[in-house]
*Asks:* 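I'd like to ask you about the structure that follows.
Order of the sequence lines fixes the chain letters, A, B, ..., with proteins taken first and strands second; residue numbering starts at 1 for each chain.
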Amino acid sequence: MLDIKLIREKPDFVRQRLVTRGAWEEQFIDGILQADDQRRKALAEVETLKATRNRVSKEIGALMGQKKLAEAEAKKAETKDLGDRIAVLDQQAKAADATRDEMMLRLPNLPHASVPLGQTAEDNPLVRSHGGKPEFAFQPKSHVELCERLKLVDFARAVKLSGSGFLLYTNWGAKLERALIQYMLDLHTREHGYTEVAPPLMVGPQCLEGVGQFPKFKDQYYGVAEGNDAAKLGHLYLIPTAETPVANIHREEILSERQLPICYCAYTPCFRGEAGAAGVGTRGMIRVHQFDKVELIKIVKPEDGYAEQEKMLAHAERILQSLGLHYRVVQLCTGDMGFASAKTFDIEVWAAGQGSYLEVSSVSNCEDFQARRMNLRFKTEAGENKFPHVLNGSGTALARLFVALLETYQQADGSVLIPPPLQPYLQTDRLIPQA
RNA sequence: GGAGAGAUGGCUGAGUGGUUUAAGGCACACGCCUGGAAAGCGUGCGUAGGUAACACUACCGUGAGUUCAAAUCUCACUCUCUCCGCCA
């Protein structure tokens with residue numbers, strides 16, 4: 001959520017920044033200002049009336065104490081109709097408040113001044129590239145073929161269980177998935193200073209609203225019902241990312257400055273309806289309804305926000321570097337950024353079988369946008385309450401990383417080499433085709 | 001699912017209609033005292049809106065209601081704890 005004071009004082013600046021994102025929501029600004037004005041006018045009036053009422057009520061109390069009942073009754077008559085006017089104005093202020101907030105929740109974050117202007121992913125500048133594309137003396141295979149030959153994923157039976165867009169990892173596939181998760185958690189907790197958490201996989205709507213997934217993208221997530229009670233549908237949602245529960249851990253709290261920065265990492269499955277994404281049925285593991293991810297979350301002082309984002313990006317890159325994968329980092333342009341983000345870097349790993357780069361990480365600083373929505377604050381040494389910056393980054397997403405590993409390390413004989421960091425977890429240095 | 005108890009500021013804990021616009025304690029900050037510290041003493045110390053600054057307004061789980069006046073009375077809901085049942 002944006003600061004209402006900023007909208008009030010610099011509406012044109014806010015409008016202009018929103019337009020750089022291609023956000024049609026800038027049209028809400030006039031409505032917000034109008035509702036805000038109505039709210040403030042109603043409040044100013046009703047507060048004066050309440051002050052009067054409080055004063056007279058106190059006088060009545062004093063008169064009753066002195067047994068001056070007649071005078072007390074006279075005073076009561078005096079304030080009799082005050083209550084009705086207060087009720088009406090209270091109602092007006094509340095209605096204006098609700099109208100304002102509903103629109104405020106629909107405004108995306110403002111891009112940081114350093115974010116390049118652009119409309120689509122085509123306009124995202126390359127930041128850097130690491131390693132080079134692996135070269136093969138043979139035609140590299142797609143992960144789908146490799147998975148089938150190595151019996152790592154049973155695509156057909158997953159469909160039988162849950163429909164398209166789900167994966168059934170088998171044998172070494174399941175082990176490789178688990179090894180990757182554990183390797184990444186170990187690296188981030190041991191060497192990058194993150195505290196591991198294992199959050200709930202179902203959350204209430206306030207968490208989705210807190211990080212900015214609601215209300216705009218409400219139709220993209222899985223709501224769950226308890227038993228056959230359809231009335232309970234929508235009380236809980238399957239998390240689309242660990243960001244949803246983990247960023248909300250300290251919602252509605254006032255942290256002390258000494259606690260910052262708070263750094264969490266979490267492994268969770270992620271559930272996404274991907275409504276509107278044409279042909280989820282894209283063969284393979286690249287776009288699925290459920291995938292695993294190790295997520296990084298930081299809550300930091302505003303002045304540290306962007307330095308911490310660089311560090312988080314380096315932490316995610318370290319995973320790919322240590323696994324010997326070729327990747328590139330791009331910065332998202334204004335038009336391609338997510339709803340809550342002020343500045344985002346994506347990491348894309350090279351998938352030789354696809355002949356393309358796959359997004360495996362997105363590292364965003366949401367500044368105080370989410371903190372405002374969650375009412376998450378910290379108290380400075382000077383005793384002032386401020387909103388911290390909240391950062392999230394994938395470190396990294398599985399499925400696609402799995403794809404890149406297989407396609408990068410495939411050999412002419414159909415086997416796949418396991419890079420050294422994963423060997424202790426798997427107790428093998430290669431996967432060999434099954435009979 | 002059944003029965004009971006409860007929800008007050010960072011914590012603890014008083015408060016059953018009007019000097020409570022939340023007592024006392026702990027913790028915290030500053031000062032005095034001290035060679036230094038502890039103890040002791042003094043001052044300050046919730047959140048948000050509002051103001052140049054005051055004033056003022058709201059908030060005692062949430063939402064409605066009664067009243068001139070609600071932490072306090074009424075109703076509904078939510079959550080927590082204890083016991084029972086079912087269950088991995």
Side-chain angles (χ1 to χ4, degrees), chain A residues 1-9 32-33 35-102 104-105 198 200-207 209-210 224-229 231-237 245 248-260 262 299 368 371-388:
Chain A
M1 191 146 57
L2 302 178
D3 186 354
I4 182 63
K5 286 177 185 159
L6 180 67
I7 298 176
R8 230 181 253 154
E9 285 158 21
I32 289 170
L33 288 171
D36 183 53
D37 193 51
Q38 284 170 0
R39 175 178 164 277
R40 283 154 62 90
K41 282 189 175 135
L43 277 181
E45 193 177 347
V46 78
E47 284 181 5
T48 309
L49 295 179
K50 281 180 179 173
T52 304
R53 184 180 68 181
N54 288 347
R55 181 172 45 76
V56 175
S57 287
K58 204 174 273 186
E59 289 167 10
I60 292 172
L63 289 171
M64 304 265 286
Q66 298 163 29
K67 304 283 185 216
K68 296 180 180 171
L69 297 183
E71 285 177 51
E73 287 303 321
K75 289 266 187 195
K76 280 189 194 182
E78 191 183 313
T79 47
K80 184 76 178 145
D81 59 340
L82 216 52
D84 295 334
R85 289 184 58 205
I86 287 171
V88 169
L89 286 166
D90 258 342
Q91 207 53 44
Q92 282 177 14
K94 211 169 154 183
D97 195 47
T99 305
R100 187 190 76 175
D101 281 350
E102 201 206 326
M104 293 272 287
L105 283 173
L201 305 182
M202 296 192 281
V203 294
Q206 74 279 10
C207 292
E209 186 176 289
V224 297
E226 188 180 335
N228 287 322
D229 192 351
K232 290 197 170 173
L233 185 66
H235 288 214
L236 290 174
Y237 294 82
N248 276 287
I249 286 175
H250 298 288
R251 76 188 337 267
E252 287 156 47
E253 292 181 21
I254 300 176
L255 304 167
S256 80
E257 186 168 5
R258 290 193 305 270
Q259 289 175 265
L260 305 182
I262 290 174
I299 300 169
D368 59 12
R372 284 179 195 284
R373 288 175 161 245
M374 297 188 279
N375 200 21
L376 162 63
R377 290 161 294 174
F378 73 97
K379 193 179 283 292
T380 64
E381 298 291 347
E384 189 188 359
N385 289 331
K386 295 173 94 171
F387 293 106

*Asks:* Does RNA chain B take part in any stems of at least 3 consecutive Watson-Crick or G-U pairs (both distances under 3.5 Å), and if so, which ones?
*Replies:* B:1-7 with B:78-84, B:10-12 with B:24-26, B:28-32 with B:40-44, B:46-49 with B:56-59, B:61-65 with B:73-77
*Asks:* By side-chain contact (heavy atoms from CB on, under 4.5 Å), which residues pair with A:Asp97, not counting sequence neighbours?
*Replies:* A:Arg39, A:Arg100, A:Asp101
*Asks:* Atom CD in A:Glu253, atom CG in A:Leu376: separation rounded to 0.5 Å?
*Replies:* 7.5 Å
*Asks:* Write down the distance separating the C1' atoms in B:A71 and B:A23, rounded off to the nearest Å.
*Replies:* 13 Å
*Asks:* Once rounded to the nearest 0.5 Å, what's the spacing between atom CG of A:Asn248 and atom CZ of A:Arg251?
*Replies:* 4.5 Å
*Asks:* Using the C1' atom in both, what is the distance from B:C33 to B:C81, to the nearest Å?
*Replies:* 46 Å
*Asks:* Show each protein N/O and nucleotides 43-52 of chain B N/O combination with a separation under 3.5 Å, one pair to a line.
*Replies:*
from, atom 1, to, atom 2, distance (Å)
B:U47, OP1, A:Lys379, NZ, 2.6
B:U47, OP1, A:Asn385, ND2, 3.0
B:U47, O3', A:Arg377, NH1, 2.7
B:A48, OP1, A:Arg377, NH1, 2.8
B:G49, N2, A:Glu47, OE1, 3.2
B:G50, OP1, A:Arg8, NH1, 3.4
B:G50, OP1, A:Arg40, NH1, 2.9

*Asks:* Using atom types as modelled and distance alone, determine if a side-chain donor or acceptor of A:Gln259 lies under 3.5 Å from a backbone N or O of A:Ser256.
*Replies:* yes
*Asks:* What distance, rounded to whole Å, do you find between the two P atoms, one in B:C45 and one in B:C56?
*Replies:* 16 Å
*Asks:* Which parts of nucleotides 59-69 of chain B does protein reach within less than 4.0 Å, heavy atoms only, written one letter per nucleotide 5' to 3' as B for base, S for sugar-phosphate only and - for none?
*Replies:* ----SS---BS
*Asks:* Show me, pair by pair, the donor-acceptor contacts under 3.5 angstrom made by side chains of residues 44-53 of chain A, not counting sequence neighbours?
*Replies:*
from, atom 1, to, atom 2, distance (Å)
A:Thr48, OG1, A:Ala44, O, 2.9
A:Lys50, NZ, A:Asp90, OD1, 3.2
A:Lys50, NZ, A:Asp90, OD2, 3.3
A:Thr52, OG1, A:Thr48, O, 3.1

*Asks:* Could you go through nucleotides 13-17 of chain B and list every protein N or O atom that sits under 3.5 Å from one of its N or O atoms, giving the distance for each pair?
*Replies:*
none

*Asks:* Write down the distance separating the C1' atoms in B:U34 and B:C41, rounded off to the nearest Å.
*Replies:* 13 Å
*Asks:* Any side-chain heavy atom of A:Arg8 sitting closer than 4.5 Å to one from A:Asp37?
*Replies:* no
*Asks:* Just how far, in rounded Å, is P of B:U19 from CD of A:Glu59?
*Replies:* 14 Å
*Asks:* Pick the C1' atom in B:U66 and in B:A14, then give their distance to the nearest Å.
*Replies:* 26 Å
*Asks:* Using the P atom as the reference point in each nucleotide, state the distance between B:G13 and B:G61 in Å, no decimals.
*Replies:* 15 Å
*Asks:* Round to a whole Å and report the spacing from NZ of A:Lys50 to P of B:A55.
*Replies:* 19 Å
